[in-house]
Amino acid sequence: MRIISGIQPTGELHIGNYLGAVKQWVRLQENNECFFFIADLHALTREYQPRSFQENIFEKAVDLLSLGLDPEKCVIFIQSQIKEHTELAWLLNVITKVAELERMTQYKEKAKKFRQNINAGLLTYPVLQAADILIYQTDAVPVGRDQIQHIELARTIARKFNNIFGQTFKEPKAMMLKEGAKIMSLQDPKKKMSKSDSPQGCIGVFDPPELIKKRVMSAVTDTGKGIKYYPAKKPGISNLVTIFSLFSEKPIKEVERKFKGKGYSDFKKELTDLLVKKLELFRQKKKSLIRREAYVREILEQGRRRAQSIADSTMKEVRANMGLM
Ligand code: ADP
Ligand code: TRP
């Protein structure tokens with residue numbers, strides 16, 4: 001299968017991004033034709049620092065490599081270097097209904113949050129995302145739960161385009177994990193873990209051990225006791241159990257059994273140790289990669305070339321089918 005997914009360069013990668021998205025990517029690259037990119041154009045829709053932006057983009061590429069993406073097994077590139085994404089986004093804009101975009105949960109949330117700066121890019125964000133996906137004739141898109149609605153919209157747009165202009169795009173499928181698709185904030189387990197919402201509620205994948213400890217030990221738990229997975233009544237502890245289960249690769253039932261009769265603080269100590277141990281590998285890898293700038297740039301250049309050739313061939317067809325000269 002051909003697979004594509006992207007991640008924005010702003011904000012540090014947290015364990016929600018890892019468990020919901022990147023961990024799947026690492027697995028999928030083994031048996032599929034995979035494309036992963038840094039969605040720098042999407043990141044422009046929020047306030048950002050132009051001076052450090054290039055650095056953020058480069059660092060995000062280093063991050064993905066540190067987490068296990070292998071340039072021998074997948075294509076890694078930067079969205080804005082393939083100009084056809086924005087060209088296709090414009091063309092798809094003209095067949096997308098504003099009402100459909102206004103219905104998107106992410107748009108509604110952001111529009112509420114950034115009331116003074118609802119730029120048009122926030123609204124058309126999913127159209128660019130559809131272009132990212134459709135231009136590569138993608139079969140499947142692995143993402144966390146918050147992005148499913150955008151992938152569904154990409155499908156709708158593909159179908160509509162094909163109906164109007166003739167068969168041009170594949171209809172992509174969303175791909176989501178059963179567990180880990182939504183890791184919750186450690187401070188407010190009713191909300192998803194998100195760097196921009198609450199840094200205290202996040203654990204960064206490259207955080208040092210002391211910080212990991214601090215974040216886990218101060219994580220909100222629920223009244224009562226017992227290490228139980230019961231999201232409706234015990235969202236805090238359930239989230240921590242999920243994290244433990246995914247990092248230890250043990251089923252939730254087994255985690256519950258392991259901590260039977262133990263209290264929150266024993267469990268949190270073990271969770272801290274587990275995270276410190278697992279994340280240490282990523283930290284080491286990043287330390288060495290961040291110094292190999294030329295190597296990383298070469299990977300991105302090769303990725304750019306491979307992505308460009310597919311984008312070119314799809315766009316040729318799109319232009320012809322839409323009647324452009
Ligand atoms: P963020 O939402 O933190 O700004 P991105 O939008 O760049 O991060 O998301 C990158 C990927 O990580 C997407 O596939 C998204 O669905 C996934 N993701 C983000 N937050 C979480 C979370 N809390 N739990 C699971 N997956 C997540
Ligand atoms: N919007 C996605 C996010 O915030 C990132 C993204 C952009 C993406 N283009 C994509 C994900 C295409 C999958 C496919 O997480």
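All values below come from the heavy atoms of this structure, side chains included, with hydrogens, waters and symmetry mates left out. Just so you know, ligand 1 is whichever comes first in the structure, and atom 1 is the first atom listed for that ligand.
Residue contacts with ligand 2 for V143 involve side-chain atoms from C-beta outward but no N, CA, C or O (heavy atoms, distance under 4.0 Å). Neither the backbone nor the side chain of H150 has any atom closer than 4.0 Å to an atom of ligand 2 (non-hydrogen atoms only). When heavy-atom distances to ligand 2 are checked against a 4.0 Å cut-off, I133 comes that close only through its side chain, counted from C-beta outward.
A cation-pi geometry, defined here as NZ or CZ lying under 6.0 Å from the six-membered ring centre and within 45° of its normal, does not hold between K278 and F247.
Distances between N or O atoms of G144 and those of ligand 1 include at least one value under 3.5 Å. Checking only distances, K192 does come within under 3.5 Å of ligand 1, N or O to N or O. At least one N or O atom of M193 sits closer than 3.5 Å to an N or O atom of ligand 1. For ligand 1, the polar-atom distance check against A21 finds no nitrogen or oxygen pair separated by under 3.5 Å. When only interatomic distances are considered, the shortest N/O to N/O separation between D146 and ligand 1 falls below 3.5 Å.
Distances shorter than 4.0 angstrom do not occur between any heavy atom of G11 and any atom of ligand 1.
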Salt bridge (Lys or Arg N to Asp or Glu O under 4.0 Å) assessment of E301 paired with R305: CA-CA 6 Å; E301 174 53 20; R305 275 193 229 130; 3.3 Å; yes
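Aromatic ring pairs are classed by plane angle as parallel below 30°, tilted from 30° to 60° and perpendicular above 60°; the pair F282 and F206 is perpendicular.
Distances below 4.0 Å separate heavy atoms of Q147 from the following atoms of ligand 1: 16 (O). Ligand-side atoms of ligand 2 in range of Q8: 4 (O), range being under 4.0 angstrom from any heavy atom. Under a 4.0 Å criterion applied to the non-hydrogen atoms of V141, ligand 2 contributes the atoms 13 (C), 14 (C). Ligand-side atoms of ligand 2 in range of A39: 7 (C), range being under 4.0 angstrom from any heavy atom.
Proximity of Y136 to H85: side-chain heavy atoms (C-beta onward) are separated by under 4.5 Å at one or more points.
G16 O, 3.1 Å is the protein heavy atom nearest to atom 26 (N) of ligand 1. Here the protein heavy atom with the shortest distance to atom 2 (C) of ligand 2 is Q147 OE1, 3.4 Å. Nearest protein neighbour of atom 5 (C) of ligand 2, counting heavy atoms only, is G6 O, 3.6 Å. In terms of protein heavy-atom proximity, atom 9 (N) of ligand 2 is nearest to D132 OD2, 2.7 Å. Looking at atom 23 (N) of ligand 1, its nearest protein heavy atom turns out to be I183 O, 2.7 Å. Given atom 9 (O) of ligand 1, the protein heavy atom at minimum distance is N17 ND2, 3.6 Å.
By heavy-atom distance, the residue among H42, Q129, Q79 lying nearest atom 10 (C) of ligand 2 is Q129. Across F35, Y125, F37, heavy-atom proximity to atom 1 (N) of ligand 2 is greatest for Y125. Comparing heavy-atom distances from atom 4 (O) of ligand 1 across R46, H14, Q8 singles out R46 as nearest.
For the side chain to side chain contact (heavy atoms under 4.5 Å, CB included) criterion with K268, the lone passing option out of L240, I227, I237 is L240.
Between the side chain of Y264 and the backbone N or O of D222, at least one donor-acceptor pair lies under 3.5 Å.
With no hydrogens or angles considered, no side-chain donor-acceptor pair links Q81 and Q308 at under 3.5 Å.
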